[in-house]
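Since the structure is predicted, the reported quantities are computational estimates derived from the model, not experimental observations. Numbers restart at 1 for each chain; the letters A, B, ... are given by sequence-line order, proteins then strands.
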2 protein chains.
Amino acid sequence: MAEPQQNEGRDTRRLIVERAAEQFALWGYAGASISDIAAAVGVSKPALYYHFSDKEEIYTEIVTSVLSQMRARAEAAVAAQPDAPAKLRAFMRVHAQYLHENEHAYIAAQLGFRGLRATEGRGRALELRDRYEAVLKGIIAEGCRSGVFRLTDQRAAVMLVLSALNWMARWYRSDGETPAAEFADRYCNMLLDGFRPRDPPRPARRKRTI
Amino acid sequence: MAEPQQNEGRDTRRLIVERAAEQFALWGYAGASISDIAAAVGVSKPALYYHFSDKEEIYTEIVTSVLSQMRARAEAAVAAQPDAPAKLRAFMRVHAQYLHENEHAYIAAQLGFRGLRATEGRGRALELRDRYEAVLKGIIAEGCRSGVFRLTDQRAAVMLVLSALNWMARWYRSDGETPAAEFADRYCNMLLDGFRPRDPPRPARRKRTI
DNA sequence: TCGACCCTACTTACCGTTCGGTCAACGCCT
DNA sequence: AGGCGTTGACCGAACGGTAAGTAGGGTCGA
């Protein structure tokens, strides 16, 4: 049996991040104690301090891991789509799917650095968040350029999409009957077409020739 | 000068709620300490315990006060509007305006009862929240009934509107140049008409005669 | 004198963090 | 082959600090 010691460490570290995310999601950053996390992992408190320098570093690892994974998935999914509406739908579905698969880590990451000084980790997290949002920004801009979207305020549109996705973490439960991606789909439909009925039965969309 | 003592108490109590909201908004529930709050009010810790039985009761008062005020304002604003789109706009504007005027209390209330047992206060808060959301639900339902809205999932539409409004608390700063109600307006426009352009220059809307 | 209102000083419990030690596995020299 | 120092991974116990909450007393207008 290979190397029980070398890999035990990596495994424990991964487990710490996983269980810490659960505790943070449940009780918030300040509310989740190191003792709780250690107990949830099944190790002693000093074990946490062997793998991480302090509590904040554990939290930072959760946030940065979530954000970078989401960006990677989003970019891959978006690149495979032909036009802006399809890209928007893919973006939203991937985001919702990530929430579904990583509920605790996602919620923990959403708690944000409220009340943490975290100059280093916070900076990296903000950078990653901006990069993620830039993907959506690109989709909106492309849609406006090609004429499939008509928006007076692109930034507001970006915020609206992100609001819908981010707020899902507050009410979505992965054990329900409707999967997260399905909700993302419905959101996308409403965002694309609006609440008001579109009068004609939608003839072939007129392409705007510049 | 009337009754300095009797009313001093009410004043202190109000001030406690106000300053506690600031602290909660800044540091989260667990992160904001009773000592911090007392210091922010300018009194000693026992003064807080004279007016409230414990920390949780202070938080509960913030939440219930915010929710009941929002419902009162929303119902008043909505009642004065002629049709569903106008009502939706009024609802969204009032919600955003409340955030603008009561930033700290609103953010504190949004923190939610994460990690609090609070059987009593939490129940009352959930009830108030449901009543508030019922106002929006009514608007959406009315719009669908009259035909000005065409929605396949009314609940999803309600969630979408609330997501947009609730998430504002995460990025909106009241000292910016664009007021909250303006953002609510832009959101409302996008929600009503969608991202995609509406082909005709919008002729007089066809009323659906049943 | 009474009760509303608030204080100083304190208790108790838990927090994040650290210290010193343990113990198995590995590399290395003889 | 066998002793031996090193390293990775972890533990028990305790640290100083701070948290929520309390005991008991003082003040002052009605």
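The CG-C1' distance, from B:Asp54 to D:dG21, rounds to 9 Å in whole Å. Atom pair B:Trp27:CH2 and D:dT18:C1' shows a separation of 15 Å (rounding to whole Å applied). What separates CG of B:Leu48 from C1' of D:dT22 is a distance of 13 Å, to the nearest Å. As a whole-Å value, the separation of B:Ile16 CD1 from C:dC5 P is 11 Å. Here C:dT8 presents its P atom at 18 Å from OH of B:Tyr50, a figure rounded to the nearest Å. Atom CD in B:Gln23 sits roughly 11 Å away from atom P in D:dA20 (whole-Å rounding). In this structure, B:Ile58 atom CD1 and D:dG21 atom P are separated by 9 Å, rounded to whole Å. Taking atom CD of residue A:Glu57 and atom C1' of nucleotide C:dG16, one finds them 14 Å apart after rounding to whole Å.
Panel note: side chain B:Glu103, backbone B:Leu99; no donor-acceptor pair is recorded below 3.5 Å.
Checked by atom type, the side-chain pair A:Thr60/A:Glu56 shows no donor-acceptor distance below 3.5 Å. Checking B:Glu57 against B:Ser53 by side-chain atom types alone, a donor-acceptor pair falls below 3.5 Å.
Cation-pi contact between B:Lys45 and B:Tyr50: absent, since separation from the ring centre below 6.0 Å together with deviation from the ring axis within 45° is not met.
Nearest to the side chain of A:Ile34, among D:dA19, D:dG8, C:dG16, sits C:dG16. Closest to the side chain of B:Tyr49, out of D:dC10, C:dG16, D:dA20, is D:dA20. Relative to the side chain of A:His51, the nucleotides C:dA4, D:dC10, C:dC15 differ in distance, and D:dC10 lies closest.
Salt-bridge formation is detected for the pair B:Glu101/B:Arg73: a Lys NZ or Arg NE/NH1/NH2 atom is positioned less than 4.0 Å from an Asp or Glu carboxylate oxygen. Ion pairing of B:Lys137 with B:Glu133 is absent here, as no side-chain N (NZ or NE/NH1/NH2) approaches a carboxylate O to less than 4.0 Å.
With DNA chain C read from its 5' end, the first of the two nearest nucleotides for A:Ser35 and A:Ser53 is the one closest to A:Ser35.
Under the salt bridge (Lys or Arg N to Asp or Glu O under 4.0 Å) criterion, A:Asp153 pairs with B:Arg186, sequence neighbours left out.
Using a 4.0 Å cut-off, no side-chain N or O of B:Thr12 falls inside it from OP1 or OP2 of C:dC5.
Contact check of residues 36-47 of chain B against DNA chain D (heavy atom, cut-off under 4.0 Å) returns B:Lys45, B:Pro46.
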